[in-house]
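So the structure is just underneath, and the comments pick up after that.
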Amino acid sequence: MSRTVAIIPARLESSRLPNKALVDILGLPMIVHVFKRCLLAKSLDAVYVATDNNKIREVVEQYGGKVIMTSVEHQTGTDRVAEAAQDIDADIVVNVQGDEALVNPEYIDKAVDSLIRSSEADVAILVNPFNKRNSPSDIKVVLNKRDEIMYLSRADIPSDARVSNPKMLKAYHIVPFRKDFLLKYAKWKKTELEQIEFNEYLRILEKGYKIQAVRVESDAVSVDTQSDLDYVIKRMKEDK
């Protein structure tokens with residue numbers, strides 16, 4: 001039986017939404033919504049928040065959460081998760097972004113189950129249908145016939161140059177890793193496409209490894225801007 005934990009990377013600095021991790025959503029800080037939803041996932045044996053900020057630590061602990069303090073040097077959430085995972089007893093580590101305030105616990109379970117059942121992939125990620133064009137803050141993906149990630153981009157893929165409004169998929173950042181692969185991956189230098197697209201998962205593809213995609217139907221968004229926050233607050237009022 002695999003031991004599975006979620007680690008939620010969180011930092012306070014955000015260029016587009018100040019103090020993002022601690023913004024209020026219907027009476028609770030955003031990071032608290034995320035870790036409490038993770039606690040509802042049946043596949044997780046433990047949930048941790050990984051941060052370099054004492055304000056976040058104090059808030060999470062105030063609400064009964066577990067916190068691992070990490071370096072201030074990390075440029076990506078995945079690197080922060082990898083540092084936090086080093087001393088944790090786990091076979092699978094799920095990176096749940098700290099701005100996924102509407103994360104569905106059942107979808108965490110689906111992502112974990114997909115990785116457990118895969119004989120070839122060391123990483124899985126959720127993807128969902130998406131139709132907003134020219135939105136560089138959203139990571140779009142294309143898949144092969146085995147639902148493995150072929151590429152991730154901030155541009156609209158596939159192209160609409162010859163086909164009007166082709167269907168798109170967006171990465172939904174719930175990402176389970178096999179722990180041994182996560183620790184290996186975190187030591188690799190940034191790759192060329194990763195730096196162009198500013199997406200660390202391209203490092204995995206550029207090195208020739210597979211990412212298994214798991215399709216879900218979700219209208220959840222990562223909170224990057226004030227308009228994202230307004231949307232999440234509106235959706236949260238109706239969310240079961």
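None of the values given here were measured: they were computed from a predicted structure.
Using a 4.0 Å cut-off between charged side-chain N and carboxylate O, Lys184 and Asp122 make no salt bridge. Classification of Arg133 and Asp156 as a salt-bridged pair holds, one side-chain N sitting under 4.0 Å from a carboxylate O. One finds no salt bridge joining Lys110 and Glu106 here, because no Lys/Arg side-chain nitrogen approaches an Asp/Glu carboxylate oxygen to under 4.0 Å. A salt bridge links Lys20 to Asp99: at least one charged side-chain nitrogen sits closer than 4.0 Å to a carboxylate oxygen. At a threshold of 4.0 Å, the pair Lys190-Glu200 does not count as salt-bridged, since none of the basic side-chain nitrogens sits closer than that to a carboxylate oxygen. Ion pairing between a basic and an acidic side chain is recognised when a charged N comes within 4.0 Å of a carboxylate O; Arg215 and Asp147 show such pairing. Under 4.0 Å is where a charged nitrogen must lie from a carboxylate oxygen, and between Arg235 and Asp219 at least one such pair does.
Smallest separation of non-hydrogen atoms from Leu115 and Pro176: CD2-O, 3.5 Å. In terms of heavy-atom proximity, Arg57 sits nearest to Val67 at CG-CG1, 3.8 Å. The shortest non-hydrogen separation linking Tyr107 to Ser218 is CE1-CB, 3.8 Å. Looking at every heavy atom in both residues, Pro166 comes nearest to Pro158 through CG-O, 3.6 Å. Of all heavy-atom pairs spanning Ala84 and Ile68, the tightest one is O-CD1, 3.7 Å. Scanning both residues, Cys38 and Ile108, for their nearest heavy atoms gives SG-CD1, 4.0 Å.
No donor-acceptor pair under 3.5 Å is formed between the side chain of Lys207 and the backbone N or O of Leu202. The main-chain N or O of Glu148 is found under 3.5 Å from a side-chain atom of Asn144 such that the two form a donor-acceptor pair. Here the side chain of Arg154 pairs a donor or acceptor atom with the backbone of Pro136 at under 3.5 angstrom. Between the Asn53 side chain and the Ile56 main chain, a donor and an acceptor come within less than 3.5 Å of each other. A donor-acceptor pair under 3.5 Å is formed between the side chain of Arg178 and the backbone N or O of Ala121. Between the side chain of Lys66 and the main chain of Val49, no donor-acceptor pair closer than 3.5 Å is present. The backbone N or O of Pro105 lies less than 3.5 Å from no partner atom in the side chain of Arg37, so there is not a single donor-acceptor pair. Of the possible donor and acceptor atoms, one in the side chain of His33 sits under 3.5 Å from a partner among the backbone N and O of Ile25. Under a 3.5 Å cut-off, the side chain of Gln212 and the backbone N or O of Val123 do not form any donor-acceptor pair.
Checked by atom type, the side-chain pair Thr76/Thr78 shows no donor-acceptor distance below 3.5 Å. Residues Thr70 and Arg80 bring a donor and an acceptor atom of their side chains to less than 3.5 Å of each other. Side-chain contact of Gln226 with Asp230: a donor-acceptor pair under 3.5 Å is present, judged by distance alone. Side-chain contact check for Glu100 and Ser222: at least one donor-acceptor pair (N or O, by modelled atom type) lies under 3.5 Å.
Rounded to the nearest 0.5 angstrom, Glu192 CD and Glu197 CD are separated by 11.5 Å. For the atom pair Lys42 NZ and Asp109 CG, the distance stands at 7.5 Å (nearest 0.5 Å). Atom CZ in Arg11 sits 12.5 Å away from atom CD1 in Ile31 (nearest 0.5 Å). Separating the CD atom in Glu194 from the CG atom in Leu152 is a distance of 11.0 Å, to the nearest 0.5 Å. Distance check, rounded to the nearest 0.5 Å: CG of Leu17 to CG of Asp224 gives 8.5 Å. To the nearest 0.5 Å, atom NZ of residue Lys210 and atom CD1 of residue Ile204 are 14.0 Å apart.
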Practice problem: Walk me through it: do Tyr48 and Val81 pass the test side chain to side chain contact (heavy atoms under 4.5 Å, CB included)? | Solution: CA-CA 10 Å; Tyr48 303 88; Val81 167; over 6 Å; no
Quiz item: Can Ile8 and Val47 be said to form a side chain to side chain contact (heavy atoms under 4.5 Å, CB included), step by step?
Solution: CA-CA 8 Å; Ile8 306 163; Val47 178; 3.9 Å; yes
Exercise. Please test Ile174 against Val94 for side chain to side chain contact (heavy atoms under 4.5 Å, CB included), starting from the C-alpha separation and ending with a verdict.
Key: CA-CA 7 Å; Ile174 312 303; Val94 188; 4.0 Å; yes
Quiz prompt | Intermediate values then yes/no, side chain to side chain contact (heavy atoms under 4.5 Å, CB included), Val127 and Val216 | solution = CA-CA 6 Å; Val127 299; Val216 294; over 6 Å; no
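Note on Ile211: it clusters hydrophobically with Ile157, by side-chain heavy-atom contacts below 4.5 Å among ILVMFWY residues. Leu26 and Val223 fall within the same hydrophobic cluster, defined by Ile, Leu, Val, Met, Phe, Trp and Tyr side-chain heavy atoms under 4.5 Å apart, directly or through other members. Residues Leu40 and Val103 do not share a hydrophobic cluster, clusters being chains of Ile/Leu/Val/Met/Phe/Trp/Tyr side chains in contact below 4.5 Å. The same ILVMFWY cluster, assembled from side-chain heavy atoms under 4.5 Å apart, contains both Leu12 and Val96. If you chain together hydrophobic residues whose side chains sit under 4.5 Å apart, Leu22 and Tyr63 fall into the same group.
Remark: Arg203 is positioned above the aromatic ring of Tyr185, its terminal NZ or CZ atom under 6.0 angstrom from the ring centre and at most 45 degrees off the axis.
When the shell of 6.0 Å around CE of Met150 is examined, it contains 12 or fewer heavy atoms from other residues, nucleotides or ligands. More than 12 heavy-atom neighbours from other residues, nucleotides or ligands sit within 6.0 angstrom of CD on Gln62.
Counting heavy atoms from C-beta on, the side chains of Leu193 and Tyr151 come closer than 4.5 Å. When side chains are defined from C-beta on, Leu143 counts as touching Ile149, because their heavy atoms get closer than 4.5 Å. Using a 4.5 Å heavy-atom threshold, the side chains of Ile92 and Phe177 count as separate. Side-chain atoms of Asp24 and Pro29, non-hydrogen and from C-beta on, never get closer than 4.5 Å to each other. Residues Lys140 and Leu169 are not in side-chain contact: their nearest non-hydrogen atoms beyond the backbone lie 4.5 Å or more apart. Looking at heavy atoms from C-beta onward, Ser71 lies in side-chain contact with Glu83 at the 4.5 angstrom threshold. Residues Ile7 and Ile88 have side chains in contact (heavy-atom distance under 4.5 Å, counting atoms from C-beta outward). Contact check for Leu205 versus Tyr201: no side-chain heavy atoms found under the 4.5 Å cut-off.
Cluster partners of Phe130, using a side-chain heavy-atom cutoff of under 4.5 Å among ILVMFWY residues and allowing indirect links, are Met168.
Taking the ring centroids of Phe181 and Tyr209, they lie under the 6.0 Å cut-off.
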